[in-house]
Amino acid sequence: MSNLMERKRKALVIAALVLAVDDEDEQIKKRKWSKQWLLERRKYSHMNLLHELRSNEPADFKNYLRMENHTFYELLDLVRPFIEKQNTIMRESISAEERLVATLRFLATGRSYEDLKFSCAISAQALGKIIPETCWAIYEVLKQKYIKIPKTEIEWKQVAKDFKTLWDFDNCLGAIDGKHVLITKPPNSGSYYFNYKGTFSVVLLAVVNANLEFIYVHCGTNGRVSDAGILKETDLYRSLVNNELKIPPPQSPPEIGYKLPFVFIGDEAFPLMENLMKPYGKHTAGHDEHIFNYRLSRARRVVENAFGILATRFRVFLQPLNISVENVDAVVMASCVLHNFLRKKSSTYYTSANYIDLEDTESGNIIQGQWRQIGEMVPLQRSSSYTPQDAKLVRDKFKEYFNNEGKVSFQENMIHYR
């Protein structure tokens, strides 16, 4: 009996030793928290290539990050306090420069985190935290200066002055448009984000000034919402109908005896309102209506070009975003504020002349910008809605003005109306 007990005791001891060894092996595996090539980030990361481009190939540097060297480092100085992390005993932190480069490369290409990790030498899991965090930092440090909706009548009048000078549209407060930002279907979301194109999206709605800059951006409305109702989901609409935008009172353009209100301009996806003009229906319009439609379209083209440039410079918009839906807003808002930042800081490179639609007013042709050859975002769906009589009267006043005192010499060449 004693021998049997002794054998059992020895067996238990051996089993305990085996378990201890297995546990130690498991602990060793856990302590190895990353793959070896990721641990050697300095050796394998694209940062070495980027520093070479900065020194010897500035054009390639600009193409890689969508901005010039000096602009990148100005942006880095601004965001560094918000994204820089401290080293720990266990490991060296990912630098602010690496975080910003990874984020800009993600926006420029739309590559997945799993793909991007091979050039950044940063794990996909880490990128999933770094990129949204850096996007929000970019938006926060730039928004006060680079995305500003006017707060006073004087500021609104300056926007209108630019539209008059550059696009021959009087009393214009901005061009409105919206696009569907495609996303992969979030888990357990059903048809919540399902849009009219049969894809999944959230909607980006924006107001653009005469210089192709966003002055108002709203993102996050789910794609299922009727496109005609997108505007009503925004605080801009609520402020507009409640007379809270500090819009100037109607004023008379030169040489006419009646006043025109200050208005936003949009396409057929938007409702006609006293402060929001849209085109006349093409099938029911005569000569004067075609003139109005052309003049509105000419000014409204700024928002089409702004969205087009945004999507071709930040190609993350040309494919479904395969990220958590909670982080989509960060990507969108950062891209929009970067668009404005680069329009100010690096406009010659960021939006070269061939990128923007041009008009040949003698031949009556529109020369399409290069962005149209690359791809564009999904537009809002055209809709019909009840039109208040007061809004119709306002549009008729603009029509009368554009066909008489406010006409421009080339408008007859451009309407292609017979």
Side-chain angles (χ1 to χ4, degrees), residues 107 135 138-139 142-151 155-156 159-160 162-163 167 169 172-183 195 201-223 225 227-240 245 263-271 273 275-278 296-297 299-314 316-318 321 328-344 350-351 355-357 369 371 376-381:
L107 298 178
C135 281
I138 291 169
Y139 178 65
L142 295 181
K143 67 178 183 180
Q144 292 298 327
K145 186 174 182 180
Y146 293 100
I147 291 188
K148 297 191 300 182
I149 191 165
K151 303 289 187 184
E155 291 177 347
W156 281 118
V159 173
D162 290 341
F163 269 101
W167 305 108
F169 200 107
C172 181
L173 303 173
I176 296 181
D177 202 359
K179 300 291 182 181
H180 286 272
V181 178
L182 301 183
I183 60 174
N195 61 46
S201 64
V202 296
V203 177
L204 165 60
L205 185 137
V207 180
V208 171
N209 66 18
N211 298 303
L212 283 73
E213 298 163 351
F214 298 105
I215 60 174
Y216 173 84
V217 176
H218 179 275
C219 181
T221 303
N222 66 81
V225 173
D227 286 356
I230 293 296
L231 179 62
K232 294 182 179 179
E233 297 288 319
T234 68
D235 53 347
L236 176 72
Y237 177 82
R238 291 186 286 272
S239 297
L240 179 61
L245 288 181
V263 296
F264 296 96
I265 57 177
D267 65 7
E268 294 89 342
F270 295 94
M273 302 168 58
N275 293 112
L276 174 54
M277 295 289 98
K278 63 184 287 186
L296 182 143
S297 174
R300 200 192 66 80
R301 206 175 295 135
V302 295
V303 71
E304 291 183 0
N305 280 269
F307 274 128
I309 293 164
L310 178 75
T312 53
R313 286 305 192 186
F314 300 112
V316 69
F317 291 107
L318 296 182
L321 277 167
V328 171
D329 282 8
V331 170
V332 171
M333 302 303 279
S335 300
C336 289
V337 78
L338 280 172
H339 168 90
N340 285 4
F341 176 71
L342 295 173
R343 285 281 297 159
K344 295 286 190 185
Y350 180 70
T351 46
Y355 250 74
I356 302 171
D357 291 342
W371 66 264
E376 56 185 299
M377 301 161 71
V378 177
L380 298 184
Q381 189 176 24

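Sequence positions, counted from 1, serve as the residue numbers for this chain.
Partners of Ala299 under the side chain to side chain contact (heavy atoms under 4.5 Å, CB included) rule, at least two apart in sequence or in another chain, are Phe163, Trp167, Phe169, Ile265. In this structure, Glu376 has no salt bridge (Lys or Arg N to Asp or Glu O under 4.0 Å) partners at least two apart in sequence or on a different chain. Under the salt bridge (Lys or Arg N to Asp or Glu O under 4.0 Å) criterion, Lys143 pairs with Glu140, sequence neighbours left out. For Asn275, the side chain to side chain contact (heavy atoms under 4.5 Å, CB included) criterion is met by Leu240, Pro261, not counting sequence neighbours. A search for salt bridge (Lys or Arg N to Asp or Glu O under 4.0 Å) contacts involving Glu268 returns Arg382, not counting sequence neighbours.
With rounding to the nearest 0.5 Å, the separation of NZ in Lys179 from CG in Leu310 is 11.0 Å. For the atom pair CE (Met377) and OG1 (Thr312), the distance works out to 11.0 Å, reported to the nearest 0.5 Å. With values rounded to the nearest 0.5 angstrom, Phe214 atom CZ is found 10.0 Å from Asn209 atom CG.
Cation-pi geometry between Arg343 and Tyr146 is not satisfied (NZ or CZ under 6.0 Å from the ring centre, within 45° of the ring normal).
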>> With side chain to side chain contact (heavy atoms under 4.5 Å, CB included) as the criterion, how do Val207 and Leu173 come out once you've worked through the C-alpha distance, each side chain's angles and the decisive distance to 0.1 Å?
In response: CA-CA 9 Å; Val207 180; Leu173 303 173; over 6 Å; no

> Step by step, would you call Asn222 with Val202 a side chain to side chain contact (heavy atoms under 4.5 Å, CB included)?
Replying inline: CA-CA 5 Å; Asn222 66 81; Val202 296; 5.5 Å; no

> Going through the distances and angles, do Leu321 and Leu182 end up as a side chain to side chain contact (heavy atoms under 4.5 Å, CB included)?
Replying inline: CA-CA 6 Å; Leu321 277 167; Leu182 301 183; over 6 Å; no

> For Phe270 and Lys278, what are the C-alpha separation, side-chain angles and deciding distance, and is it a side chain to side chain contact (heavy atoms under 4.5 Å, CB included)?
Replying inline: CA-CA 7 Å; Phe270 295 94; Lys278 63 184 287 186; 5.5 Å; no

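In this structure, Ser239 and Leu245 approach most closely via the heavy-atom pair CB-CD2, 3.6 Å. Nearest heavy-atom pair across Gly266 and Arg300 is C-CD, 3.3 Å. Taking all atoms of both residues into account, the shortest heavy-atom contact from Ala269 to Leu380 is CB-CB, 3.9 Å.
At a threshold of 4.5 Å between non-hydrogen side-chain atoms, the residues Val332 and Tyr139 do not count as touching. Side-chain contact between Val208 and Ile215: absent, with no pair of heavy atoms (C-beta onward) separated by less than 4.5 Å. Using a 4.5 Å heavy-atom cutoff, the side chains of Thr221 and Leu205 are not in contact. Between Arg313 and Tyr355 there is a side-chain heavy-atom pair separated by less than 4.5 Å. Proximity of Ile138 to Val337: side-chain heavy atoms (C-beta onward) are separated by under 4.5 Å at one or more points. Counting heavy atoms from C-beta on, the side chains of Ile356 and Leu212 come closer than 4.5 Å. At a threshold of 4.5 Å between non-hydrogen side-chain atoms, the residues Cys135 and Met333 do not count as touching. The shortest distance between side-chain heavy atoms of Val159 and Cys172 does not fall below 4.5 Å.
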Check: residues 228-237 side-chain donor-acceptor pairs under 3.5 Å, at least two apart:
from, atom 1, to, atom 2, distance (Å)
Thr234, OG1, Leu231, O, 2.7
Thr234, OG1, Tyr237, N, 3.2
Asp235, OD1, Tyr216, OH, 2.3

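A donor-acceptor pair under 3.5 Å is absent between the side-chain atoms of Asp267 and the main chain of Asp177, judged by distance alone. Although no hydrogens or angles enter the test, the distance criterion places no donor-acceptor pair under 3.5 Å between the side chain of Asp162 and the main chain of Ala210.
The distance between the ring centers of His339 and Tyr350 falls below 6.0 angstrom. Aromatic ring centres of Trp371 and Phe314: separated by at least 6.0 Å.
Here the options are Val203, Val331, Leu204, the test is side-chain contact (heavy atoms from CB on, under 4.5 Å), and the partner is Val181; only Leu204 passes.
Contact check on Glu155 versus Lys148 returns no salt bridge, with no Lys/Arg side-chain nitrogen under 4.0 Å from an Asp/Glu carboxylate oxygen.
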